[in-house]
Amino acid sequence: MKPKLIIILGPTAVGKTNYSIELAQKFASPIISCDSRQLYKEMIVGTAPPSIEQLALVPHYFIQSHTVKEYYTAGRYEIEALELMDKLFKKHDNLIMVGGAGLYIDAVCKGLDDFPDADQKVRQILTERLEKDGLESLRMELKKIDPQSYETIDIYNKQRVIRALEVTIATGKKFSSYKRNKNKERFFDIEKLGIIRERNDLYNRINLRVDRMMEAGLVEEVRSLVNYRNMPALNTVGYKEIFDYLDGKISLEEAVSLIKRNTRRYAKRQMTYWGRDEEIAWMTL
RNA sequence: AGGGACAUAGUUCAAGGGUAGAAUAGCGGUCUCCAAAACCGUUGAUGGGAGUUCGAAUCUCUCUGUCCCUG
């Protein structure tokens, strides 16, 4: 019989942490976090990870385990998470995974194709070209060197265009040639449990959580990270807005309401992402 | 109580006799490695009533509401 991975997912602030700890205790399983921001050890106040008390109740993985100083991607998460599960499943029949990062969850469940790691230098050059010559210029180059990708990706999305270009340029093989459009085989079964709340309820929880983050010293945490503000990790709701405040672009009050708004939008995008995933069993809290 | 000003989308503000627009919020969607990212799309309003006019958000009257001044 295959071991089973139970994934608890849901929008931000819905209450995944509490629920997962209960469930993990029931299954005597550790918790594998699947959250693209809680895995940074420098980002604590603004990412609402499990508390110290909660972490003491159940062993957690991928919580404050990485640094904002290094680039991290969904691809690396897939590799690291699979390695970890390989080990943990030797002792556990069931493992609990919790998180809100849709792409990271998909990476674990279906697997990403084996693109080479992003070449930061190539990305840097492309990003500068984007600023200088505009997106259209990058689009035209993609059309030339990988027309297949030009046809299939969102060519108005600069991140995607750069991604396709950087892989093609860095490896000499077309970005589209890496795609296999096939899910990877996994050695474990997967059960997805989605948690949802009524929208007003969720929005109230989001607003409350942001107020608590401010009380807990979000501004200080963000101030301590100014040197890394250009790293992708810091391109995060709650951090961007405070950077703007520290720059004097907006008032603290504006920053707070922007954080609330952007968190609401994030929650909505999460729901959209999972909207068509028929494997998820939904549960309203 | 008297005098004055104002009333347009959830909010802030345009249009001053001729197709009611914008920003923002809200809502919906996309997604194979920066994903708390990066994109795309969209609903919605002239406070109520009467009048002038071919035609009223716009002019007149009235009611209602809000604000200011005076007592």
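The chains referred to below are lettered A, B, ... by the order of the sequence lines, with proteins before strands, and numbering in each begins at 1. Atoms considered below: every heavy atom in the structure, side chains included; atoms not considered: hydrogens, waters and symmetry mates. This one's a predicted model, so the numbers in the text were calculated from it and none came from an experiment.
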Could you measure between the two C1' atoms, the one in B:rU46 and the one in B:rC6, and give it in whole Å?
14 Å
Figure out the CE/C1' separation between A:Met231 and B:rA37, and round it to whole Å.
14 Å
Residues at least two apart in sequence or cross-chain that pass ring pair (Phe, Tyr, Trp, His ring centres under 6.0 Å) with A:Tyr228, listed by chain then number, are none
State which residues pass side chain to side chain contact (heavy atoms under 4.5 Å, CB included) with A:Asp35; sequence neighbours excluded, sorted by chain then number.
A:Ser33, A:Arg37, A:Gln38
Would you tabulate the nitrogen or oxygen pairs shorter than 3.5 Å linking the protein to nucleotides 40-44 of chain B?
none

Excluding sequence neighbours, so at least two apart, what forms side chain to side chain contact (heavy atoms under 4.5 Å, CB included) with A:Ala164?
A:Leu142, A:Ser149, A:Ile153, A:Phe175
Pairwise C1' distance for B:rU60 and B:rU52, with rounding to whole Å:
7 Å
With rounding to the closest Å, how many angstrom separate the C1' atoms on B:rC67 and B:rG51?
28 Å
Go nucleotide by nucleotide along RNA chain B from the 5' end; which of A:Gln159 and A:Lys184 gets its closest nucleotide reached first?
A:Lys184
Writing each nucleotide of RNA chain B 5' to 3' as (, ), [, ], | or . by Watson-Crick or G-U pairing under 3.5 Å yields (((((((..((((....[..)))).(((((.......)))))....(((((..]....)))))))))))).
Taking A:Thr272 for the side chain and A:Lys268 for the main chain, is one N or O donor matched with an acceptor at less than 3.5 Å?
yes
Does a side-chain N or O of A:Arg160 approach OP1 or OP2 of B:rU30 to a distance below 4.0 Å, or not?
no
In whole angstrom, what separates A:Arg269's CZ from B:rC27's P?
12 Å
Side-chain N or O of A:Tyr203 less than 4.0 angstrom from OP1 or OP2 on B:rC27?
yes
Output yes when at least one side-chain N/O atom of A:Arg163 is less than 4.0 Å from OP1 or OP2 of B:rC31, else no.
no
If the P atom of B:rA20 is compared with that of B:rU43, how far apart are they to the nearest Å?
16 Å
Are OP1 or OP2 of B:rG26 and a side-chain N or O of A:Arg265 less than 4.0 angstrom apart?
yes
Take atom P in B:rU58 and the same atom in B:rG16, then report the distance between them in whole Å.
13 Å
Please list, chain by chain and in numerical order, all residues satisfying side chain to side chain contact (heavy atoms under 4.5 Å, CB included) with A:Asp133, sequence neighbours excluded.
A:Arg129, A:Ser137
Work out how far the C1' atom of B:rG65 is from that of B:rG49, and round it to whole angstrom.
15 Å
Give the nucleotide from the list B:rG26, B:rC34, B:rA37 with an atom nearest to the side chain of A:Val237.
B:rA37
At under 4.0 Å, does any side-chain N or O of A:Lys268 touch on OP1 or OP2 of B:rC27?
yes
A:Tyr104 and A:Tyr72 aromatic ring geometry - parallel, tilted or perpendicular at 30°/60° bounds
tilted
Quick one: does any side-chain atom of A:Asp201 pair with a main-chain N or O of A:Arg197 as donor and acceptor, under 3.5 Å?
no
Report the distance from atom CD1 of A:Ile105 to atom P of B:rU32, rounded to the nearest whole Å.
16 Å
A:Tyr273 near the nucleic acid: base, sugar-phosphate alone, or nothing, with a heavy-atom cut-off under 4.0 Å?
base
Under 3.5 Å, is there a donor-acceptor pair between the side chain of A:Glu70 and the main chain of A:Thr67?
no
I'd like the P distance from B:rA1 over to B:rC59, given in whole Å.
27 Å
Under 4.0 Å: is that the gap between some side-chain N or O of A:Asn235 and OP1 or OP2 of B:rA38?
yes
Taking the P atom in each of B:rG47 and B:rA14, what is the distance between them to the nearest angstrom?
15 Å
Do we get A:Lys2 above A:Phe187's six-membered ring, with its NZ or CZ under 6.0 Å from the centre and within 45° of the axis?
no
Any donor-acceptor pair under 3.5 Å linking the side chain of A:Gln54 with the backbone of A:Ser51?
yes
Which residue lies toward the 5' end of RNA chain B, A:Thr272 or A:Asn230, if each is placed at its nearest nucleotide?
A:Thr272
